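Since the structure comes first, as structure tokens, the remarks are kept for the end.
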2 protein chains.
Amino acid sequence: MNQSGPAGQHTVRRHNSALVLNTIATADGLSRASVAARTGLTKATVSSLVDRMITAGLVVDGGPEHRVGRGRRGTALSLSPTGPHGLGVEIGVDTLSCALVDLTGRVRVSWTLEVEPRGRTVEEGLSQVADLVGLAQAEAARLGVSVGGVGVAVPGLVESSTGLLRSAPNLGWRDVPLHTELRARTGVTDRPLLVGNEANLAGLAELWFGGREDRRDFVHVSGEIGIGAGLVVSGELFPGVRGFGGEIGHLSVDPAGPPCSCGGRGCLERLAGRAAVLAAAGVPAEPEGGGGDGMADLLGRLRDHDAAALTAVTDAGRWLGIAMADVINLVDIPTVVLGGTYARLEPWLRSTLLAELDRRVVSSGWAPIAVEPSVLGSRAAVQGAAGWVVRGILDDPEPFLVGPPT
Amino acid sequence: MNQSGPAGQHTVRRHNSALVLNTIATADGLSRASVAARTGLTKATVSSLVDRMITAGLVVDGGPEHRVGRGRRGTALSLSPTGPHGLGVEIGVDTLSCALVDLTGRVRVSWTLEVEPRGRTVEEGLSQVADLVGLAQAEAARLGVSVGGVGVAVPGLVESSTGLLRSAPNLGWRDVPLHTELRARTGVTDRPLLVGNEANLAGLAELWFGGREDRRDFVHVSGEIGIGAGLVVSGELFPGVRGFGGEIGHLSVDPAGPPCSCGGRGCLERLAGRAAVLAAAGVPAEPEGGGGDGMADLLGRLRDHDAAALTAVTDAGRWLGIAMADVINLVDIPTVVLGGTYARLEPWLRSTLLAELDRRVVSSGWAPIAVEPSVLGSRAAVQGAAGWVVRGILDDPEPFLVGPPT
DNA sequence: GCGTACAAATTCAGTCATCAAACTATTTGG
DNA sequence: CCAAATAGTTTGATGACTGAATTTGTACGC
């Protein structure tokens with residue numbers, strides 16, 4: 001049983017509102033009649049629901065549609081570009097990013113701040129985030145749109161029930177009550193403020209904005225400084241019980257391998273993480289303070305067929321393959337999407353990765369596994385964070401639909 | 001969006017019926033008033049719903065409750081022991097089991113047939129199953145109860161959308177359309193006939209009948225001939241996209257380890273499976289045709305503090321720990337339940353297993369992991385299969401609640 | 001140029017499940 | 001023996017959907 005409460009007519013309304021709004025979202029420009037046909041609701045019901053959404057400013061009633069044949073033309077419905085926006089923030093290791101995204105998923109404005117990497121105190125970090133949110137809210141006001149909520153992406157383990165950041169090794173943060181702190185500092189108290197893991201949100205961004213409406217099941221691997229993953233199943237994130245899911249960085253791919261900072265041995269991150277790959281390829285170490293772009297260097301070497309670079313990357317593909325095989329055997333997902341750094345390395349990783357998958361995945365015989373590079377760039381996580389808010393609205397628009405004055 | 005269809009009043013009824021029935025199921029002997037209080041529904045609504053369930057024979061109106069204090073006594077409601085039963089079947093390697101389970105989860109009758117291990121053709125196997133189902137149906141008729149559906153547990157990969165058994169190495173079966181075949185052979189066409197993986201169903205059995213109503217999140221490891229797992233999250237099985245989830249038998253715990261029949265190297269099953277542990281402990285090989293009980297032998301040696309046996313089992317615990325750490329890092333589950341063979345070995349496995357978990361699980365620092373032996377015996381999978389049917393009824397009783405004649 | 005066929009959208013009565021509140025039934029405490 | 005408390009039923013109101021009829025708008029045929 002879905003431990004949910006009692007249902008009443010309002011529940012029906014809620015459900016159908018979401019259904020109609022999502023239908024409009026996935027197929028822009030539908031008429032009321034087509035929405036009715038697609039959803040199985042009556043034209044009358046759809047009209048009633050759509051009217052409320054129009055008065056609430058979530059949907060706009062465009063001009064008449066273009067269609068051949070006789071009969072009256074329907075009016076094209078679309079998500080309102082001036083409806084509530086999602087505000088996404090990403091707390092990166094050396095950047096702080098922010099984006100305003102409208103209901104259709106389009107990025108309206110985005111900022112990226114270079115910040116002092118590491119060594120930042122929690123206090124500094126939080127006030128920087130609060131400032132940025134304030135800036136974005138001002139911008140939203142200038143654009144004349146409201147902010148429907150704030151989503152925050154963090155490179156660490158976030159307890160979903162409390163919004164507590166348990167551990168973010170790359171930031172050097174531990175046990176920071178992000179949700180409470182940011183509510184207080186940003187003054188966002190009457191709208192959702194969501195905090196989530198950066199890799200998970202990047203996965204969701206890929207789902208929503210990656211142009212793969214057909215693919216509703218995949219693992220999105222995002223290799224930035226650490227390695228994380230987002231498991232997307234049936235078009236929804238699978239975050240695990242407390243929200244710590246998808247932590248593939250410390251899957252043990254070689255129990256006899258080199259020791260890792262986490263205490264284990266032969267962790268994926270230690271063997272196929274950015275630092276490990278660059279080192280194995282012989283790329284000079286990146287200075288701690290940022291600046292040097294080892295990845296560009298590596299890509300150059302790969303294009304020049306540098307032997308060490310090629311070996312380093314194909315080896316990484318092998319380790320990644322072992323880890324992904326584990327993931328697929330465990331949660332049975334047919335597609336691997338390579339994001340972050342791995343997206344750019346995909347051409348060179350691909351063959352060894354696929355070879356390991358074919359060999360190790362129990363179901364590979366009759367259900368081949370697809371490997372694809374992500375189409376989103378480094379902004380995936382911010383977009384995911386903002387999109388999270390937008391999704392929340394589309395999936396439950398009821399709070400925005402004030403009762404009609406009648 | 002939960003790609004579900006339109007909602008109407010009937011949807012509300014459905015939801016609330018399930019809610020009320022589940023409330024009665026989890027707390028036997030409640031009165032209508034208490035159900036109303038717990039669910040948040042009105043007394044009037046609860047009365048109306050309960051009445052339908054009583055006329056449908058799902059619920060019985062017991063005598064007045066015993067309670068101190070003033071006020072009228074309520075009438076105790078319980079699940080009807082003569083309501084529809086779940087019929088579970090387990091196709092094992094050398095056994096064929098079957099059980100009739102009532103709505104409360106009690107096993108009413110159960111059979112176990114020893115059958116020729118392996119070498120059985122699909123044809124033979126299927127007709128044996130059909131015969132057994134026929135037998136059980138006859139018994140149900142004799143008891144005067146109806147069969148609400150049939151659940152079948154198989155040691156192999158079952159595609160959940162089609163009920164196709166893709167592969168069952170230990171049976172030697174491949175690509176058997178179990179669902180269609182069994183529908184045809186058993187004549188069960190108007191009631192659900194569900195086919196699922198044995199390890200997954202054992203996990204569900206642990207959830208429903210293991211007396212752990214509080215624990216709604218765990219991995220259940222069942223080590224019989226092969227090693228499988230059931231991931232239970234928020235009180236529901238997580239079967240993966242196509243139903244092949246939980247295949248931990250071929251997680252690679254040692255990439256440089258011995259080759260496995262699956263083509264990989266150092267698979268968990270190869271290192272910590274029953275055969276491997278027995279061999280490492282120096283227990284004489286079990287004859288192919290069954291008979292010898294190597295496990296009893298092993299347990300004897302363990303109690304006698306036999307060095308080889310102890311090392312074999314603690315090593316297995318270590319391998320299992322590596323695999324479980326991967327599982328937990330990936331899907332973030334706080335509890336490991338050891339079922340099947342491992343339940344009996346738990347006292348000896350425990351410490352090395354826990355040690356690996358503590359070391360490798362990223363979240364172990366602030367969220368300790370519990371390890372517990374299963375309380376269910378070898379009948380777990382059959383019970384799970386039967387319980388699956390019962391759950392289906394409790395979670396959607398509507399089909400059984402014929403409209404009142406009024 | 002005009003009527004007819006056709007499709008979109010709205011209107012309105014009907015249905016149905018919930019709720020709130022009043023009412024009946026039962027039991028205890030004073 | 002009555003007042004207070006609790007269980008369960010009855011009744012009318014509310015709200016959301018449906019289905020059919022109606023209105024509005026567009027194109028095609030003559």
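A, B, ... follow the sequence lines: proteins, then strands. Residue 1 opens every chain. Just so it is clear, the structure is predicted and the values come from calculations on it, not from any experiment.
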Query raised in the report: Looking at C/dA8, D/dT14, D/dA4, which one has an atom nearest to any side-chain atom of B/R70?
Result: D/dA4
Query raised in the report: Checking only heavy atoms, does the side chain of B/R72 share a donor-acceptor pair with the base of D/dA7 at less than 3.5 Å?
Result: yes
Requested in this report: Could you tell me the separation between the CZ atom of A/R13 and the CZ atom of A/R52, rounded to the nearest 0.5 Å?
Outcome: 4.5 Å
Query - Between CZ on residue A/F238 and CD1 on residue A/I333, distance to nearest 0.5 Å - result: 9.0 Å
Requested in this report: Apply side-chain contact (heavy atoms from CB on, under 4.5 Å) to A/H15 and A/H10, showing your working.
Outcome: CA-CA 9 Å; A/H15 178 101; A/H10 62 102; over 6 Å; no
Query raised in the report: How is A/S48 classified with respect to the nucleic acid when contacts are heavy atoms under 4.0 Å: base, sugar-phosphate, or nothing?
Result: nothing
Report task. Report yes if at least one side-chain N or O of B/S31 is closer than 4.0 Å to OP1 or OP2 of D/dG8; otherwise report no. Result -> yes
Query raised in the report: Want to settle it: does B/G69 or A/A7 sit nearer the 5' end of DNA chain C, counting the closest nucleotide to each?
Result: A/A7
Requested in this report: May I have the distance from B/L77 (atom CG) to D/dA7 (atom C1'), rounded to whole angstrom?
Outcome: 11 Å
Query raised in the report: If you check every side-chain atom of A/Q9, which of C/dA9, D/dC17, C/dA17 has the closest atom?
Result: C/dA17
Query raised in the report: Once you round it to whole Å, what is the distance between P of C/dA8 and CG of A/L30?
Result: 12 Å
Query raised in the report: What distance do A/R38 atom CZ and A/L19 atom CG have between them, rounded to the nearest 0.5 Å?
Result: 11.5 Å
Query raised in the report: Listed in order of residue number, which residues of residues 34-44 of chain B have a non-hydrogen atom at under 4.0 Å from DNA chain D?
Result: B/K43, B/A44
Query raised in the report: Taking atom C1' of C/dT26 as reference, at what distance in whole Å does atom CD of B/E65 sit?
Result: 13 Å
Report task. Rounded to the nearest angstrom, tell me the gap between atom CZ in A/R32 and atom C1' in D/dT24. Result -> 13 Å
**Report entry** salt bridge (Lys or Arg N to Asp or Glu O under 4.0 Å) between A/R32 and A/D61, worked out
**Finding:** CA-CA 10 Å; A/R32 289 169 173 75; A/D61 189 330; 3.4 Å; yes
Query raised in the report: Side chains of A/R72 and A/S31: do they bring a donor and an acceptor to under 3.5 Å?
Result: no
Query raised in the report: Within this structure, what is the CZ-to-C1' distance between B/R52 and C/dA17, rounded to whole angstrom?
Result: 10 Å
Report task. Calculate the interatomic distance between A/H10 atom NE2 and C/dC19 atom P; express it in whole Å. Result -> 7 Å
Query raised in the report: Between B/S47 and D/dT9, is there a side-chain N or O to OP1/OP2 distance below 4.0 Å?
Result: yes
Query - Residue-phosphate contact under 4.0 Å: A/R67 side-chain N/O, D/dA27 OP1/OP2 - result: no
**Report entry** Gap between atoms NE2 and C1', on A/H66 and D/dT26 respectively (whole Å)
**Finding:** 14 Å
Query raised in the report: Is any side-chain N or O of A/N16 closer than 4.0 Å to OP1 or OP2 of D/dC17?
Result: yes
Query raised in the report: Just checking A/T45: base, sugar-phosphate only, or nothing, at a heavy-atom cut-off of under 4.0 Å?
Result: base
Query raised in the report: Taking CG from B/L49 and C1' from C/dC16, how many angstroms apart are they, rounded to a whole number?
Result: 13 Å
Query - Residues that A/F218 engages under ring pair (Phe, Tyr, Trp, His ring centres under 6.0 Å), provided they are two or more places apart - result: none
Report task. Could you verify whether a donor N or O on one side chain and an acceptor N or O on the other, from B/R108 and B/H85, lie under 3.5 Å apart? Result -> yes
Query raised in the report: Taking N and O atoms by type only, does the side chain of B/R73 place a donor or acceptor under 3.5 Å from a partner on the base of C/dT27?
Result: no
